[in-house]
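Taking it in order: structure first as structure tokens, then the write-up.
Because the structure is a prediction, the values reported are computed rather than measured. Below, chain A is the first sequence line, B the second, and so on; all start at residue 1. Only heavy atoms go into these numbers, but all of them, side chains included; no hydrogens, no water, no symmetry mates.
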There are 2 protein chains.
Amino acid sequence: MDADVSAIGRYMKKRRAERGWSLSRTADICGVSKAMLGQIERGESTPTISTLWKIASGLQVPLSRFLVPEGVALQRLNAMPRHHDASGMIVTPLFAFDPALGFEMFAIELPQDTLSESAPHASGVVEHLVVLEGRMELFIDGGWQTLSAGDAIRFSADQPHAYRNRHPEPARIHDLIHYPFGD
Amino acid sequence: MDADVSAIGRYMKKRRAERGWSLSRTADICGVSKAMLGQIERGESTPTISTLWKIASGLQVPLSRFLVPEGVALQRLNAMPRHHDASGMIVTPLFAFDPALGFEMFAIELPQDTLSESAPHASGVVEHLVVLEGRMELFIDGGWQTLSAGDAIRFSADQPHAYRNRHPEPARIHDLIHYPFGD
DNA sequence: GGGCGATGTGCGTTATAACGCACACTCTAC
DNA sequence: GTAGAGTGTGCGTTATAACGCACATCGCCC
């Protein structure tokens, strides 16, 4: 859950090298000291957001680009914690919320006769459901909507909504929640 | 050219208020001291990127949201059209690319003896695979990695990678591709 | 060879991020 | 009324971000 701040230095160095800029030149352009740039690139210091902004501006890259996750993160099924909520719905996290990406994703199992109600998320939150198995109903926009295996739906989650399963077989779905960049 | 860092504090405060969280509660959730949160909100201190990451994670706010002045439109790299390759891999779109969200999602079926190679995406593109059925191998970081049903993996897609299925049953996966803000 | 400029690193200094804690104030329950 | 909990702010302390400068190294030119 911690930022991989060492990735900042690596991306900086890569970007600077692509442009063929020395630390001195970059320092002049960014308005950040040469010594500090070196410290950041070597992972010896973590910049304030203000300093990183200057660097991003000088190098002409979006600031968030410094923090996009690198490498490979693998999560095995049996290593994922399953959470049963009061409604009987079983929730397994697939991808945790990452501030650089802006979304999180869950696997959800809805046993028979489950009704799970969700308070509205913050304004602008968008939710995506993909039904893998079984059938379920989604309450949205004042009515129930039946979804079957293979169905995919995207809806604004900043309103009350609910999931239920009235069928004999459990329904399995994936739920991706995306948080807004703008207001 | 300087970041409007005071916007960070304003947005933090707004977001916290929407959730009805006190500084103390937010501090517990974010792992940042109450006093520091107050300083940031009042514009008296500029957090390091590490501290801001913690806050974004706790408040479930994409980092970009703190960093982009309100009203400024950001650009996304366009999603690359999916190659329809000759490998036999079957691709079904689930959610089309939306610049406001920054990702697209596909359902993929890999029949037996399928090998599908992917050229590197642009720098900063992140891919997420969830295996629904069967088993498959992902080539990444110079080696093949076997994935079974229920496994979830996230990896940087700006490098060569490949999918293959050497098993008698087809593998079914979901593939979510997230695109960074433009360079 | 020496001189010069470019380059990145290390060091000491200064400024400030980040913290724990105390405190004043507000609200609620008895 | 009092006591207790919750809330945000200010203060002093510690850790570290950020800097200017010196230095070692390298490459190039005379």
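- Toward the 5′ end of DNA chain D lies the nearest nucleotide of B:Ser22, the other residue of the pair B:Ser22 and A:Gly31 mapping further downstream.
- Between A:Glu127 and A:Ala157, the shortest heavy-atom distance links the atoms OE1-CB, 3.3 Å.
- Atom pair B:Ile40:CD1 and C:dC19:P shows a separation of 8 Å (rounding to whole Å applied).
- A:Ser33 has no side-chain polar atom (N or O) that falls below the 4.0 Å cut-off from OP1 or OP2 of D:dA18.
- Counting to the nearest Å, the C1' atom of D:dC19 and the NZ atom of A:Lys54 are 11 Å from each other.
- Under a 3.5 Å cut-off, the side chain of A:His161 and the backbone N or O of A:Gln159 do form a donor-acceptor pair.
- A donor-acceptor pair shorter than 3.5 Å can be found between the side chains of A:His128 and A:Arg154.
- A straight line from CD of A:Glu41 to C1' of D:dA18 spans 15 Å, rounded to a whole angstrom.
- Using a 4.0 Å heavy-atom criterion, one finds that B:Thr48 contacts the sugar-phosphate atoms exclusively.
- Proximity of a side-chain donor or acceptor of A:Arg82 to a complementary backbone N or O of A:Ile90 within less than 3.5 Å is not detected.
- One N or O on the side chain of A:Asp158 and one on the backbone of A:Gly124 form a donor-acceptor pair closer than 3.5 Å.
- Between the CD1 atom of A:Ile49 and the C1' atom of D:dA18 there is a distance of 16 Å, given to the nearest Å.
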Practice item. Can you check each nucleotide of nucleotides 10-16 of chain D against protein heavy atoms at under 4.0 Å and return B for base, S for sugar-phosphate only, - for none, in 5' to 3' order? Key: B------
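- Counting to the nearest Å, the P atom of D:dG8 and the CH2 atom of B:Trp21 are 14 Å from each other.
- Within the helix from C:dG1-D:dC30 to C:dC30-D:dG1, the inter-axis angle between the opening and closing five-pair segments is 10°, rounded to 10°.
- A donor-acceptor pair under 3.5 Å is formed between the side chain of B:Ser156 and the backbone N or O of A:Gly71.
- A donor-acceptor contact shorter than 3.5 Å is absent between the side chain of A:Arg164 and the backbone of A:Glu137.
- Looking at the side chain of B:Leu23, the nearest of the listed nucleotides C:dA17, C:dA18, D:dG8 is D:dG8.
- Within the nucleic acid shown, B:Arg16 comes within 4.0 Å of sugar-phosphate atoms alone, with no base atom in reach, counting heavy atoms only.
- Residues A:Leu132 and B:Leu94 are members of one and the same hydrophobic cluster, defined by side-chain heavy-atom contacts under 4.5 angstrom among Ile, Leu, Val, Met, Phe, Trp and Tyr.
- Regarding A:Leu37, its CG atom lies at a distance of 10 Å from the P atom of D:dA18, rounded to whole Å.
- For A:Met36 and D:dC21, the CE to P distance is 18 Å, given to the nearest whole Å.
- Side-chain contact, B:Ser123 with A:Arg65: a donor N or O sits under 3.5 Å from an acceptor N or O.
- Following rounding to the nearest Å, A:Lys34 (NZ) and C:dA6 (P) show an atom-to-atom distance of 11 Å.
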